[in-house]
> 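To start, I am sharing the structure in question, which I have written as structure tokens.
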Amino acid sequence: MKQIIRELIDQALGACRQDGLLRVSEQPAYVIEAPRNKDHGDFAANIAMLLAPQEKKSPREIAQIIAGKIEGKSAVVSRVEIAGPGFINFHLSPGAWYAGFQELEVQGDRFGSSGIGKGEKVQVEFVSANPTGPLHVGHGRGAALGDALATILAFAGYDVQREYYINNVGIQMQNLGRSVYLRYLELLKKEIVFPDGLYRGDYIIDIAKEVILKYGKRFTEMPEAEALSFLTEFSSSLILNGIKDDLEQFGVQFDNWFSEKVLFERGDVQSSIDELKAKDLAYEHDGALWFRTTSFGDEKDRVIIKEDGNTTYFASDIAYHREKFSRGFKQVIDIWGADHHGYVPRIRGVLTALGIPEDAFTVILVQMVNLLRGGKPVAMSTRSGEFVTLREVIQEVGKDAARFIFLTRRSDAQLDFDLEVAKKQSDENPVYYVQYGHARICSIIAYAQEKNVSLPVFQDIDPGLLSSPEEQEIIKKLAQFPEVVSGSAQSCEPHRIAIYLMELVGQFHSYYAKYRVITEELAMSTARLYLINGIRCVLKNGLALLGVTAPEKM
RNA sequence: GCGCUUGUAGCUCAAUUGGAUAGAGCGUAGCCCUGCGGAGGCUAAGGUCGCGGGUUCGAGUCCCGCCAAGCGCGCCA
């Protein structure tokens with residue numbers, strides 16, 4: 001619809017130039033938008049204000065000239081007016097919106113999808129938590145965001161891959177193995193000292209118990225190094241399986257689980273280092289090998305091989321990101337916890353060094369989650385092991401509520417997650433508001449069937465009957481959905497869809513309260529049934545993009 | 001100390017990416033079922049958009065300076 005308006009304006013500008021009314025030596029990038037205020041029409045353009053400096057006329061005067069060339073040119077536009085500082089407001093004829101109806105009807109489940117992604121390969125990497133402990137709420141936020149974003153991008157025509165990077169190399173893994181080993185010995189009544197820095201959570205003891213069940217005492221009889229090596233492997237794969245289960249329960253499925261170990265086994269880490277050396281971007285100093293990240297805007301250079309000869313995690317990440325792009329992704333999106341933000345310049349530096357275009361890489365930082373219960377903070381200390389796991393949250397409040405709460409907020413703002421509020425199946429909890437709307441419509445459709453009013457197609461209805469202000473607003477709102485989806489994809493902001501759904505369902509609920517859908521008048525009943533079925537379809541599509549179910553009954 | 005992010009109604013959050021009179025929910029005060037789902041609807045009160053400058057036709061949005069909160073600033077991951 002915007003496109004049609006844009007064409008009208010462009011044509012008018014051409015006509016003005018031809019008639020010598022305006023110079024338009026340089027056409028500014030103007031905006032067409034749906035004004036907040038209904039009195040300002042269906043669309044507004046700011047072209048006249050932008051043109052004012054070069055035309056040396058007042059914006060309103062220019063607007064008047066342009067409007068003169070638009071008036072009566074199209075059946076779509078019923079009225080054009082000049083308002084405010086020089087906006088050109090377009091009022092559309094009611095029939096203009098019917099196109100949106102038909103699109104919705106034809107596309108059904110695909111309504112809202114688009115081809116703006118042009119089939120480009122995009123990777124979204126998210127969660128990527130170390131397999132040293134269960135996922136917590138913060139990971140849940142990243143999971144909901146990454147998963148929804150991936151779905152939305154796919155809907156917008158990108159070829160999307162979801163990837164989880166498994167950090168299964170390094171000191172933290174050894175710490176995990178040692179933690180389990182010590183708890184194991186402890187359970188077998190050996191004297192132990194449990195040092196700081198190891199994992200204290202109860203889940204470590206659970207793993208140790210499982211080891212005893214499966215393998216008995218045998219690790220007390222073998223050399224410590226051998227036992228540690230086995231237990232590290234055993235524990236991390238056990239934890240990783242737990243993570244996979246949790247994510248599945250949360251409705252998240254990855255296409256690829258990428259293991260850091262593989263980078264070493266295939267020699268990717270070594271070859272990355274070689275490449276940096278060859279480009280003179282790495283140098284030796286104090287017995288370590290440094291990467292010249294300062295050349296790319298970082299605060300200081302960073303170590304990639306330590307004095308003791310081991311590589312840093314940074315070395316792995318260089319290799320990993322290099323490897324990602326070698327797989328042909330046009331766009332790589334990493335979702336990180338905000339506590340890693342200091343890491344962004346480093347990785348950007350790496351990519352620049354490797355000759356990867358800056359805009360091919362996006363980092364989305366997801367801010368912390370403050371877990372509350374009835375307004376009071378819940379202790380979340382990883383070291384002491386006192387934290388609420390994602391699994392517990394899902395069990396307590398449900399997948400849909402948790403996901404929706406994460407996805408109604410922008411990712412770069414901190415989020416208060418109150419378990420008591422999330423659990424309430426009412427007012428304070430918007431997910432039920434949206435789902436309830438969907439269920440309500442399904443129920444009306446079922447009722448209509450009972451009354452022998454079957455679900456109509458566009459040809460069956462008289463759209464002119466949908467003339468109340470509420471109905472007109474709903475029709476427009478439905479037509480906006482595709483733009484909301486593509487905007488959400490391009491800005492990597494899934495929350496826009498959640499907000500839109502709450503607005504749409506709000507319109508529906510008040511419409512429902514004011515007008516009766518199924519009455520004695522068949523023509524009116526059919527038209528209204530058609531309208532609310534359109535709402536149902538959009539609610540369902542929108543919820544699907546967020547990974548939230550759209551129940552027919554609740 | 002330096003850097004990143006945030007600051008909008010009593011609370012939790014939006015605001016079409018620079019647009020016209022800043023909006024929802026909760027909470028508060030009232031009200032609405034003889035009708036398809038009351039997990040709903042209607043009305044009211046509630047704002048110095050952290051503070052101060054600047055940019056321009058126009059700023060919650062961009063720039064600068066303060067203030068506050070969170071997070072970073074390792075040859076840890």
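Just so we're on the same page: letters track the sequence lines, and every chain starts at 1.
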> Give one of base, sugar-phosphate or nothing for A/D286, where a contact means two heavy atoms less than 4.0 Å apart.
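Touches a base.
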> Determine: side-chain N/O of A/K514 to OP1/OP2 of B/G40, distance under 4.0 Å, yes or no.
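No, A/K514 has no side-chain N/O under 4.0 Å of OP1/OP2 on B/G40.
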> Is there ring stacking between A/Y433 and B/G25, where the centres must be under 5.5 angstrom apart and the planes under 30 degrees?
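Answer is no, no stack.
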> Between B/C36, B/C13, B/A77, which nucleotide has the shortest distance from any of its atoms to the side chain of A/I518?
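Shortest atom-to-atom distance from the side chain points to B/C36.
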> Under 4.0 Å, counting only non-hydrogen atoms across every strand here, what does A/A446 touch: a base, just sugar-phosphate, or nothing?
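It contacts nothing in the nucleic acid.
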> Categorize A/P85 for me: base, sugar-phosphate, or nothing, with a 4.0 angstrom heavy-atom threshold over every strand shown.
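If one applies the 4.0 Å heavy-atom cut-off, A/P85 turns out to touch a base.
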> Counting side-chain heavy atoms from C-beta on, which of B/C76, B/A39, B/G37 comes nearest to A/Y432?
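Closest of the options to the side chain of A/Y432: B/A39.
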> Among the nucleotides B/C76, B/G72, B/G41, which one has an atom lying closest to any side-chain atom of A/D339?
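Of the candidates, B/G72 comes closest.
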> With a 4.0 Å cut-off on heavy atoms, is A/M49 in touch with a base, just the backbone sugar-phosphate, or nothing at all?
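It contacts base atoms.
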> Separation of A/F314 atom CZ from B/C76 atom P, in whole Å?
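In whole Å, B/C76 P lies 14 Å from A/F314 CZ.
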> Have a look at B/C13 and give me syn or anti from its glycosidic angle (syn if within 90° of zero).
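Here B/C13 takes the anti form, which means its glycosidic angle is more than 90° from 0.
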> Does any N or O donor sit under 3.5 Å from an N or O acceptor when you compare the side chain of A/N89 with the base of B/A20?
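Flag set: donor-acceptor pair detected.
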> Flag the pair A/M554 / A/H438 as yes when at least one side-chain heavy-atom distance between them is below 4.5 Å, and no otherwise.
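A side-chain contact under 4.5 Å is absent here.
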> Any Lys/Arg nitrogen of A/K324 or A/E125 sitting under 4.0 Å from an Asp/Glu carboxylate oxygen of the other?
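Yes, this pair counts.
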> Indicate, with a heavy-atom threshold strictly under 4.0 Å, whether A/N46 touches base, sugar-phosphate, or nothing.
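Base: the residue A/N46, judged by heavy atoms under 4.0 Å, touches a nucleobase.
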> Regarding A/D418 and A/R373, does a basic nitrogen lie under 4.0 Å from an acidic carboxylate oxygen?
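Not counted as a salt bridge, because no side-chain N and carboxylate O are separated by less than 4.0 Å.
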> Heavy-atom count around A/K2 NZ within 6.0 Å, excluding the residue itself: above 12?
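Counting neighbours around NZ of A/K2, more than 12 heavy atoms of other residues, nucleotides or ligands fall under 6.0 Å, so yes.
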> Counting side-chain heavy atoms from C-beta on, which of B/G38, B/U5, B/A77 comes nearest to A/N167?
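Selected nucleotide (nearest to the side chain): B/A77.
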> Please determine, for the side chain of A/H341, which listed nucleotide (B/A14, B/C36, B/C4) has the closest atom?
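Nearest to the side-chain atoms of A/H341, counting from C-beta on, is B/C4.
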> Which one, B/G41, B/G37, B/U5, comes nearest to the side chain of A/D412?
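It is B/U5.
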> Starting from the 5' end of RNA chain B, give me the residue, A/I171 or A/R36, whose nearest nucleotide shows up first.
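The 5'-side residue here is A/R36.
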> Check every strand shown and say whether A/R302 touches a base, only sugar-phosphate, or nothing at a heavy-atom separation below 4.0 Å.
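Nothing: the residue A/R302, judged by heavy atoms under 4.0 Å, touches no strand.
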> Any stacking of A/H40 on B/A20, going by centres under 5.5 angstrom and planes within less than 30 degrees?
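Yes, aromatic ring over the base.
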> Among B/G41, B/G37, B/C75, which is the nearest nucleotide to the side chain of A/K553?
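Nearest nucleotide to the side chain: B/G37.
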> Ring centroids only, cut at 6.0 angstrom: are A/Y515 and A/Y511 within range, meaning strictly under it?
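Yes.
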